[in-house]
**Q** 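The structure's right below; bear with me while I get my questions together.
Below, chain A is the first sequence line, B the second, and so on; all start at residue 1. The figures here come from the full heavy-atom set of this structure, side chains too, leaving out hydrogens, waters and symmetry mates.
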Amino acid sequence: MYTQAMDLMAREAKPKVVKSAEDLQREEAFEARIDAGDFIEAKDWMPEHYRKTLVRQISQHAHSEIVGMLPEGNWITRAPTLKRKAILLAKVQDEGGHGLYLYAAAETLGTSRDEMTEALLSGKAKYSSIFNYPTLTWADIGVIGWLVDGAAIMNQVPLCRCSYAPYARAMIRVCREESFHQRQGYESLLTMMTHGTAAQKAMVQDAVNRWWWPSLMMFGPADKDSPNSEQSMRWGIKRVTNDQLRQKFVDATIPQADILGVTVPDPALKWNVERDSYDFGEIDWSEFWRVVGGEGPCNRERLAARNKAWDDGAWVRDAALAHARKQAVKMEAA
Amino acid sequence: MDAKTTYVLRLADTCLIHSQRLSEWAGHAPVLEEDLALPNIALDLLGQARALLTHAGQLEGAGRDEDQLAFLREERDYRNIVLVELPNAAASPSDGGGGRDFALTVVRNTAVSIWLELLYGRLQSSLDAELAGIAAKSLKEVRYHRQHSSDWVVRLGDGTDDSKARMQAALNVLWPYFNELFAAEGVDGVGPGWNELEPEWRARWATLMQQATLTLPRESAMQPRGIDGIHSEHMGHMLATMQHLQRSYPGGVW
Amino acid sequence: MSNPRNEWPLWEVFVRSKAGLDHKHCGSLHAADAPMAIQMARDVYTRRQEGTSIWVVRSEQIVASDPTEKGSLFDPADDKVYRHPTFYELPDELNHM
């Protein structure tokens with residue numbers, strides 16, 4: 001799952017250091033490699049700003065996966081059939097796995113898992129704000145699979161060609177697993193809309209009404225409000241703009257909504273023949289910034305849950321280390 | 001319900017309810033790697049439960065499928081052992097106050113997986129061919145669960161003073177419930193009485209306790225009878241959660 | 001406060017997906033000891049496949065070459081596989097591992 005963090009980063013303070021001739025040469029060579037479509041690996045020289053940008057983006061992407069386990073995990077014990085329970089458990093497990101791949105990729109850039117965890121738990125690091133909304137009904141689970149995973153896939157596929165190779169490789173692995181998530185979510189909704197009771201159909205429509213706009217917000221601020229995008233595009237970290245992806249998402253998703261027999265809560269939605277694309281309404285940017293700023297419905301609860309898991313688990317982590325050290329000492333004495 | 005169906009249902013329900021409790025951990029484990037490991041065990045057990053429930057439904061011959069059995073029975077008709085329905089937080093010092101106690105979970109996982117390893121091992125030669133097939137496949141899975149869980153018991157029993165205290169407390173709470181692992185009668189041609197597993201189980205458990213530097217609690221006379229539908233007070237709440245959607249949307253298709 | 005000495009060590013994971021193929025590097029994970037690392041590698045990196053072989057190696061024990069533009073392939077001063085804060089800090093008790 002994706003994070004909008006790229007565009008929400010504060011601008012990096014440019015270091016007040018005079019660059020040596022060697023550094024300037026290295027930067028030129030680096031830019032040339034990027035332009036040639038080369039992959040950058042962990043040990044390659046890279047500008048400090050490139051490295052910092054990636055650490056922040058990759059780690060916040062990882063945080064999103066971890067926090068994303070919570071709204072969906074909320075329904076595992078209440079899944080309505082054993083098959084749906086198994087699918088949801090596997091999906092939530094996958095999300096944990098994606099977080100893990102991404103933390104691993106971020107660690108190749110000089111940060112550590114604990115450092116990143118601390119940044120998340122203290123509220124310093126951001127994660128995709130879609131997960132600050134509550135899952136209120138079972139239909140939310142299907143809608144998350146359809147819309148939220150759908151939006152995430154749209155963001156993630158271009159990242160498979162990210163210039164930083166460990167991130168690109170992690171994304172390839174993630175994308176392979178993610179397509180199952182979206183399909184299962186959509187299939188669950190299709191089943192309810194096609195064969196379900198009137199009450200189930202109403203549940204689905206209600207879930208779509210609540211998740212539509214937050215899903216569009218997953219693509220981040222409008223291009224005109226994303227000053228850092230340009231540098232990231234030049235460096236091959238970002239490949240497609242926010243608005244382009246958002247439009248692509250709407251165009252792909254509305255036909256899917258038609259098949260389901262649900263509407264989206266946008267009175268301005270209209271097919272535009274000239275653009276060969278859907279016109280759609282304006283996002284409520286005040287809500288967007290409110291949720292990103294920590295005042296969404298579930299921000300505090302999500303962080304509290306992650307902090308609790310971490311704090312309650314400290315004794316486990318410490319004991320495992322203590323045991324390993326005891327074993328090492330024993331081995332040495334033998 | 002005939003003895004054959006009951007025998008299978010006791011195993012099926014135990015896997016089902018144990019899986020349900022384990023699935024409460026997703027997103028809340030002490031470390032991210034365990035957020036994958038615990039759901040992995042829960043998924044395996046759920047798969048075993050589904051196969052066993054389907055088979056029990058066939059044996060019963062009343063047309064009930066896995067979901068009707070899982071979601072539409074009354075509490076007194078579930079046949080799982082009480083051990084697996086207990087909440088993940090013990091009423092003991094090792095409970096962090098939040099409803100999930102890793103010490104309790106790994107002790108329970110180990111006890112149940114050693115038991116399942118022994119039981120599935122025997123059921124491989126059941127004259128009920130379907131049951132024998134399920135047992136053979138499940139045996140591989142529970143072997144891994146047992147390895148994973150018992151490694152944790154040793155790590156945490158012989159870790160820090162704090163972890164040892166928490167593990168001992170969890171063990172003391174769960175110990176009386178282990179008696180039910182050996183309580184069910186066997187059925188000719190289907191499977192052995194669970195009492196036949198006891199000597200081997202106790203021997204393996206004693207060895208594990210030594211490695212984990214934990215103390216075996218005193219023998220308990222408690223005789224839980226979850227296998228007869230006499231459950232703890234926790235069961236009703238768990239079922240209310242689990243069954244809610246099926247009961248709120250009668251005739252729903254999911 | 002994150003303390004590198006209290007963090008579980010980092011391991012690199014290599015998986016052979018099918019007999020006849022090489023082990024391939026898939027990523028890393030944190031584990032307290034070797035048995036845990038193998039089990040976790042199985043849970044994390046082989047969820048969808050059967051019959052794999054898994055190698056785990058403590059990340060700081062991997063020695064890597066470092067090709068630079070200057071063309072010197074093996075720079076002994078730069079021999080870690082990537083920059084990680086815990087690579088150069090081992091708890092005293094584990095110095096001989």
**Q** Enter the distance from B:H55:NE2 to B:L52:CG here, rounded to the nearest 0.5 Å.
**A** 8.0 Å
**Q** Of the backbone (N, CA, C, O) and the side chain (C-beta and beyond), which part of B:V154 lies under 4.5 Å from a heavy atom of chain A, both, or neither?
**A** both
**Q** For A:R173, is there an ion pair with A:E177 - N to carboxylate O distance below 4.0 angstrom?
**A** no
**Q** Quick one: does any side-chain atom of A:Y127 pair with a main-chain N or O of A:I66 as donor and acceptor, under 3.5 Å?
**A** no
**Q** I'd like to know if the side chain of A:T135 and the backbone of A:P71 have a donor-acceptor N/O pair within less than 3.5 Å.
**A** yes
**Q** Non-hydrogen atoms of chain B under 4.5 Å away: do they reach the side chain of A:V92, the backbone, both or neither?
**A** side chain
**Q** Sort B:D162 into side chain, backbone, both or neither according to what part of it lies under 4.5 angstrom from a heavy atom of chain A.
**A** side chain
**Q** Using a cut-off of 6.0 Å, state whether more than 12 heavy atoms not belonging to B:Q211 lie near its atom CD.
**A** yes
**Q** Charged N to carboxylate O under 4.0 angstrom, A:R113 versus B:E33?
**A** yes
**Q** Measure the CZ-CD1 distance between B:R146 and B:I114 for me, rounded to the nearest 0.5 Å.
**A** 7.0 Å
**Q** Quick one: CG on B:D77 to CG on B:L72, what's the gap to the nearest 0.5 Å?
**A** 11.5 Å
**Q** What residues of residues 34-44 of chain B sit under 4.5 Å from chain A when you count only heavy atoms?
**A** B:D35, B:L36, B:P39, B:N40, B:A42, B:L43
**Q** Could you go step by step and tell me if B:E75 and B:M238 meet the side-chain contact (heavy atoms from CB on, under 4.5 Å) rule?
**A** CA-CA 10 Å; B:E75 180 179 334; B:M238 170 190 273; over 6 Å; no
**Q** Look at A:P80, A:G73, A:G196 and state which one has the largest set of heavy-atom pairs under 4.5 Å with chain B.
**A** A:P80
**Q** Say you draw a straight line from CZ of B:F71 to CG of B:D65; how long is it, rounded to the nearest 0.5 Å?
**A** 10.5 Å
**Q** Distance to the ring centre below 6.0 angstrom and angle to the axis at most 45 degrees; does that hold for A:R210 and A:Y133?
**A** no
**Q** One pair to check against side-chain contact (heavy atoms from CB on, under 4.5 Å): B:T110 and B:W152. What are the steps and the verdict?
**A** CA-CA 9 Å; B:T110 307; B:W152 269 114; over 6 Å; no
**Q** What part of A:A79 gets closer than 4.5 Å to chain B, counting heavy atoms only: side chain, backbone, both or neither?
**A** backbone
**Q** Among A:K83, A:E187, A:Q327, A:R306, which residue forms the greatest number of heavy-atom pairs with chain B at distances under 4.5 Å?
**A** A:K83
**Q** Mind checking what makes ring-ring contact (aromatic ring centres under 6.0 Å, His included) contact with A:Y103, not counting sequence neighbours?
**A** A:H63
**Q** Donor-acceptor check, side chain of B:R64 to backbone of B:Q68, threshold 3.5 angstrom: yes or no?
**A** no
**Q** Measuring from atom OG1 of B:T14 to atom CZ of B:R79, what distance do you get when rounded to the nearest 0.5 angstrom?
**A** 11.0 Å
**Q** For the side chain of B:E85 and the backbone of B:N80, is there at least one donor-acceptor N/O pair under 3.5 Å apart?
**A** no
**Q** Could you please state which residues from residues 18-30 of chain B sit under 4.5 angstrom from chain A, measuring non-hydrogen atom to non-hydrogen atom, sorted by number, or 'none'?
**A** B:Q20, B:S23, B:E24, B:A26, B:G27, B:H28, B:A29, B:P30
**Q** Output the residues of residues 246-254 of chain B for which the shortest heavy-atom distance to chain A is under 4.5 Å, in residue-number order; output 'none' if no such residue exists.
**A** B:Q246, B:Y249, B:P250, B:G251, B:G252, B:V253, B:W254
**Q** With a 4.5 angstrom heavy-atom cut-off, which part of A:L70 approaches chain B: side chain, backbone, both or neither?
**A** side chain
**Q** Of all of A:Q93, A:R317, A:M69, A:R84, which one pairs up most often with chain B through heavy atoms under 4.5 Å apart?
**A** A:Q93
**Q** Salt bridge or not for B:D158 and A:K326, using N-O below 4.0 Å?
**A** yes
